[in-house]
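Read the structure below first, then the notes.
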Amino acid sequence: MEYDFIEIEKKWQGYWKEADIYKVTNNPGKPSYYVLDMFPYPSGAGLHVGHPLGYIASDIYARYKRLKGFNVLHPMGYDAFGLPAEQYAIEHGIPPAISTDRNIQNFRKQLDHLGFCYDWSREIKTSDPAYYKWTQWIFLQLFQCFYNRQEKKADSIENLVKDFERTGNQNHPCPGDEAVNFSAAQWQAMDEKSRSDILMHYRLAYCGYGEVNWCEALGTVLANDEVINGLSERGGFPVEKKVLRQWYLRITEYADRLLDGLHQIDFSDSMKEMQTNWIGKSVGAEISFPIAGHEADQIAIKVYTTRPDTIFGVDFVVLAPEHLLVHLITTVDREEEVEAYLQYMKSRSERERLAEKKITGCFTGAYVLHPFSGKKIPVWISEYVLSGYGTGAIMAVPCGDERDFRFAQHFQIPITNIIGDAFTGAEANATKEAILQNSGFLDGIAMKDAGVIVVEKLVAQNIGKAKTQYKMRDAAFSRQRYWGEPFPITWKEGMAKALPENTLPLVLPDLQEIKPGPDGEGPLANNRQWIESAGSDGLRESATMPGYAGSSWYFLRYMDPHNNTAFCSREASDYWNQVDLYVGGTEHAVGHLLYSRMWTKFLFDRGWIGFEEPFKKLLNQGMIQGSSRFVYKLNFLQEEDATSKLPAIFISKKYADKFLQHKKTDTVLEKELYDVLKKHGIQVGNILKDRHPDIMTLHVDVNMVDGYELDTAAFQKWRNGEYAKAVFILEEGRYICGAEVEKMSKSKFNTINPDDLVMKYGADTFRMYEMFLGPVEQSKPWDTRGIEGVHRFLKKLWRMFFQEEKGLILQNAEPTAAEWKILHTAIKKIGEDTERFSFNTAVSTFMITVNELAELDCHKTAIWEPFLIMLSPYAPHIAEELYQHVLQVKGQDGPKTIMDMDFPELEKKYLVETSKVYPISINGKLRTTISISLEATQADVEALVLANEVVKKWLEEKAPKKIIYVRNKMINIVI
RNA sequence: GCCCGGAUGGCGGAAUUGGUAGACGCGUCAGACUCAAAAUCUGGUAUCAGCAAUGAUGUGCAGGUUCGAUUCCUGUUCCGGGCACCA
């Protein structure tokens, strides 16, 4: 009986489905464990081999935990709103709802083939009105709440208004605009619109103004991804920045709690560091620099600095080009140049601005006065200062800051040295240790002590204050797009109004055609009927929510997916609690993972759930990259003659390399080319000399390439025979391709579809091979060579149960000590490896174990039964199948599925003989090694050392005064 | 540019806490079985020198700490991910 994986996998997948084996219920009798994958965006390209990496890892762990006695929640769903579906609709006229559902079906089919233990009864998709009803509901809660800084938690706007009526806003400084201050009486006197505007500055979901990528030619807002070098991806039209009304989440109010929460959760240090840096908390000071010539109207430039101690080193002030004061302060003679600079800035993305090595800037002609010395300081504008961070203005201290230094050097601004010898004049020195000089009242004071003194003085003179600043900005929460959740908001007389909760969901209407609305609005604005359908409540908001809206809380919905009266009952969320293990890529480090943490904290503040961190432990899976292959096409200068009718000519890598190196053909190539073309009946004449051949590098489908060798016949059939008449110039009879590691992508023809591999080798082989490739956390290029090894292992395992002539050879005999030892070593290693997510080494251990048992010709049920239970998380189908035969031989009516068994317990006694090797060093020189039993005490070790032949002899010879001690895994003998 | 990772044989990788570098798998070479092939099995395989025993070198590069460094520190090169509207 052969290992027939197709039959076995079909059989077990059918059985699991039929028996609902993976359905879980809230079972208070058992400890819960929640294993979650980051749900996929169902792209049209389907699943590639990179997707399942994390899914397989989480599936193994979920099954392992189940064997360990936990009630495991392991669900899956789809992040179904997003730009690509909308783009597809624009290009192909197929509505996003339809293409998305089609893609989901395809994903589901592919996932099913891999034998995952998902509880599909809990499947969710974010574009389902039954789901986004609650996304809209949570949005409304955010809209109706503000962050109460005194209580450090979200509180209702209702309470805020009550406080305003009593005491004005003195207890609640305005987070949206510091300048907003009013008394109870003033509040009472305000009209409805003014009150609405003020409340907007407090709401956790609020409307404001922000810059977007605007493409005039397309009449639409573009995502950063759709902009390439300042031009639109579609059409290549110029893209500018434009200010539009946008919704935001006031995540900055949660900055401190998002930082504090990092201590409670098990994320990698690098992940925590990324989030910490993103939030970017800094402590410093805000300082006002009065503008020379404007003393009367008291106009000043506010700068933010983390180094108030360097205040006397200020040689210039730099404003962000967007700074509101730029136009006011620019002097007449500088206007033209400033205007030109601002024009140049319009096309610059933030990324470009920060990444630019070239130093640009422009003097405004204006001066500010130093707050202490009164010195005149020139004011510049430059792209390296961003309007979004701090006050949009900096005080530049070239002797202490590298960027300021380079700027000063480039524009030949004189540099003041306030740190004496610590500044060489060749580069800036950002030290905090120096003693200040040239610093007025700070002379002789250490820098680290000076900051406090400066702040005190600033406060005393009322020209500055200490300030904590965050780099993180509020999260933009609206998109001028169609395929997203509609906002449950209407607008009337400039005021936003929440829809009543009992009218949710506000269903996204179908559109005949998706095209940009007027004045930068989204496509929904074109559907006047829908926009006006709120009647006297006003006009509906035409923007939709961004991709991360639905994904910010989906892990809660899985706990109670069919609830019609709440996003998730408190009972369900109390039982399942936090996600115990969350598996996904690092690319979400500062997006999704920060937003979902904020939403969880908000829902916790409002008492809807009982925990404030969503994910207890995060496992980051690495990205599987594609290994692309290239062919080299010989191109000739096109002229109206015979050459343009030549077939496509492809030359092998060796020749292409040579060609690219010398930028011309060499004689060998020339001769071979001649011969090949002649063979094809093509007369070329002096073509190579006259036609200036050039080489074009083309991606080829990696599935047509074996290693590096191109299957030329397949290539000729590729793309409906586009290259059917292609001619190949081979090296040693083969066409060798070029190669490069890139992101896996359809357009690079380097995607590997798991379906093909599952068809050829089976899901079990595929699962184990993906794990065997390397550590889950590590990124690596996909390489199919090697999958045979894992497949061989499973075939070998099968033969331990079945042999050709004899059939089933399993027996019930009592295992020998050696056999027990092999089993228990495996239990120990596989258990440990699975616990620490070292799935690749666990697969190795399975292989070693089977090899060792094969050598002993062991076919005993007592050994193989526990082995199969251990194997089942990794290769569930074959484990289940073979387990049935164990039951049959044992004559037991055991549980029907291996999933109801327990992971085998380790019995230590069989490990006693296992020994560890200790190196022995004498005076630091390594002499020999000895083996010591795992259970040996230190006294045993010392005795063994003395007994050791080599050491004993050596000690006798030298007769040393000896001290022997054991440290770490080293035995040291010191004379 | 900024933030976070990574680099070990021909290839993917192992070395769990600073202690025999290269487990396991692929590939490859030799052999067994076979008319032959496939499948399977056995053995070799870091590099250099040597018939061999063995010796020397060796974890991107340059230094440092240590009796001892793939592991810790400093600098550096290259590669990957993120940088706020891809998800």
Side-chain angles (χ1 to χ4, degrees), chain A residues 2 38-43 79 81-84 87 210-213 221-227 246 251 268-278 280 350-357 384 388 403 471-481 546-548 551 585-592 594 620 622-623 625 707 741-743 769 772-775 777-790 792-793 795-796 799 804 829 832-833 836 838 840-841 843-848 851 854 917-926 928-929 967-972 974:
Chain A
E2 278 285 293
M38 288 184 186
F39 62 170
Y41 175 78
S43 81
D79 189 11
F81 275 133
L83 206 49
Q87 199 48 46
E211 270 180 1
V212 293
N213 302 314
V221 175
L222 296 177
N224 286 342
D225 253 32
E226 300 175 294
V227 183
Q246 299 287 353
I251 191 171
S268 68
D269 287 343
S270 59
M271 181 64 59
K272 288 182 181 179
E273 214 168 318
M274 273 190 259
Q275 293 210 346
T276 304
N277 292 340
W278 181 264
E350 203 169 281
R351 180 98 53 90
E352 286 170 328
R353 285 170 62 169
L354 290 172
E356 190 58 81
K357 277 185 189 169
Y384 80 94
R403 263 189 316 189
K471 206 183 292 171
M472 180 171 65
R473 307 198 284 262
D474 281 339
F477 195 68
S478 54
R479 304 287 183 260
Q480 278 64 42
R481 295 284 176 176
Y548 66 83
S551 62
T586 45
E587 64 270 24
H588 299 284
V590 290
H592 162 63
L594 220 43
N620 287 121
M623 182 172 283
Q625 291 139 333
V741 171
E742 302 175 290
K743 206 166 182 165
Y769 183 58
F772 188 63
L773 266 180
E777 281 111 321
Q778 193 175 303
S779 290
K780 56 234 154 189
W782 176 264
D783 185 0
T784 304
R785 290 175 299 169
I787 195 170
E788 293 279 358
V790 175
R792 257 172 231 157
F793 154 74
K795 282 197 282 190
K796 187 164 187 175
R799 283 198 306 272
E804 249 172 70
K829 281 170 119 176
E832 282 172 2
D833 285 347
R836 66 186 174 106
S838 181
N840 55 331
T841 52
V843 174
S844 291
T845 306
F846 280 118
M847 291 177 174
I848 295 166
N851 279 339
V917 176
Y918 287 80
I920 295 178
S921 111
I922 298 170
N923 270 10
K925 291 267 188 275
L926 189 73
T928 183
T929 59
R967 198 183 59 198
N968 294 334
K969 288 178 196 163
M970 184 76 196
I971 295 165
N972 287 291
V974 183

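Every chain is numbered from 1, with letters handed out A, B, ... down the list of sequences.
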Practice task
Remember a base hit wins even if backbone is also touched, and classify A:Arg403 as base, sugar-phosphate or nothing at under 4.0 Å, heavy atoms.
Solution key: nothing
Problem - Candidates B:rC24, B:rG13, B:rU40 - which lies nearest the side chain of A:Lys780 - result: B:rG13
Problem - Heavy-atom closest pair, residues A:Arg481 and A:Leu222 - result: NH2-CA, 3.9 Å
Handout entry: Per-nucleotide protein contact string for nucleotides 81-87 of chain B (B base, S sugar-phosphate only, - none; heavy atom under 4.0 Å)
Key = SSBBBBB
Exercise for the section: Using heavy atoms to find the nearest nucleotide of RNA chain B for A:Arg799 and A:Ile787 separately, return the residue whose nucleotide is more 5′. Expected result: A:Ile787
Problem - B:rG9: syn or anti, per glycosidic angle within 90° of 0 - result: syn
Practice task
Return the nearest nucleotide to the side chain of A:Glu832; candidates are B:rG13, B:rC24, B:rU16.
Solution key: B:rU16
Problem - Side-chain N or O of A:Lys795 closer than 4.0 Å to phosphate OP1/OP2 of B:rA39 - result: no
Practice task
Take atom P in B:rU71 and the same atom in B:rG64, then report the distance between them in whole Å.
Solution key: 14 Å
Practice task
Fill in the dot-bracket string of RNA chain B, one character per base: . for unpaired, | for a pair to another strand, ( ) or [ ] for pairs within the strand, taking Watson-Crick or G-U pairs under 3.5 Å.
Solution key: (((((((..(((......[....)))((((((.......))))))((((....))))..(((((..]....))))))))))))....
Practice task
Check the distance between B:rG27's C1' and A:Phe772's CZ and give it to me in whole angstrom.
Solution key: 13 Å
Practice task
Would you indicate what A:Pro775 reaches in the nucleic acid, counting non-hydrogen atoms under 4.0 angstrom: base, sugar-phosphate, or nothing?
Solution key: sugar-phosphate
Practice task
Please report, rounded to the nearest Å, how far the P atom of B:rC72 is from the CG atom of A:Asp269.
Solution key: 13 Å
Exercise for the section: Considering only atom P, compute the distance from B:rG60 to B:rG13 and round it to an integer number of Å. Expected result: 14 Å
Fill in the blank from the handout: A:Lys796 atom NZ is separated from B:rC24 atom C1', nearest whole Å, by 13 Å
Practice task
Report yes if a side-chain nitrogen or oxygen of A:Asn851 is closer than 4.0 Å to either non-bridging phosphate oxygen (OP1 or OP2) of B:rG25; otherwise report no.
Solution key: yes
Exercise for the section: Report the distance from atom CZ of A:Phe793 to atom P of B:rC41, rounded to the nearest whole Å. Expected result: 13 Å
Problem - Atom C1', compared across B:rU74 and B:rA69: separation rounded to whole Å - result: 15 Å
Exercise for the section: Could you check how far CD of A:Gln275 sits from P of B:rG5, rounded to whole Å? Expected result: 14 Å
Exercise for the section: Could you check whether A:Asn840 gets within reach of a base, just the sugar-phosphate, or nothing at all, counting any heavy atom under 4.0 Å? Expected result: sugar-phosphate
Exercise for the section: For the pair A:Tyr769 and A:Trp782, name the ring-plane relationship: parallel under 30°, tilted 30 to 60°, perpendicular over 60°. Expected result: perpendicular
Practice task
Locate the shortest heavy-atom distance separating A:Gly585 from A:Met38; write the atom from each residue and the value.
Solution key: N-SD, 3.8 Å
Exercise for the section: Give a yes/no on whether any side-chain N or O of A:Gln778 is located under 4.0 angstrom from OP1 or OP2 of B:rG6. Expected result: no
Completion exercise
What one should report as the nearest heavy-atom pair of A:Ile251 and A:Met472 is O-CE, 3.8 Å
Handout entry: Given B:rA15, B:rA14, B:rA39, the nucleotide with the shortest approach to the side chain of A:Arg836
Key = B:rA15
Practice task
Take atom C1' in B:rA21 and the same atom in B:rA14, then report the distance between them in whole Å.
Solution key: 10 Å
Handout entry: Distance between C1' atoms of B:rU47 and B:rG58 (Å, rounded)
Key = 7 Å
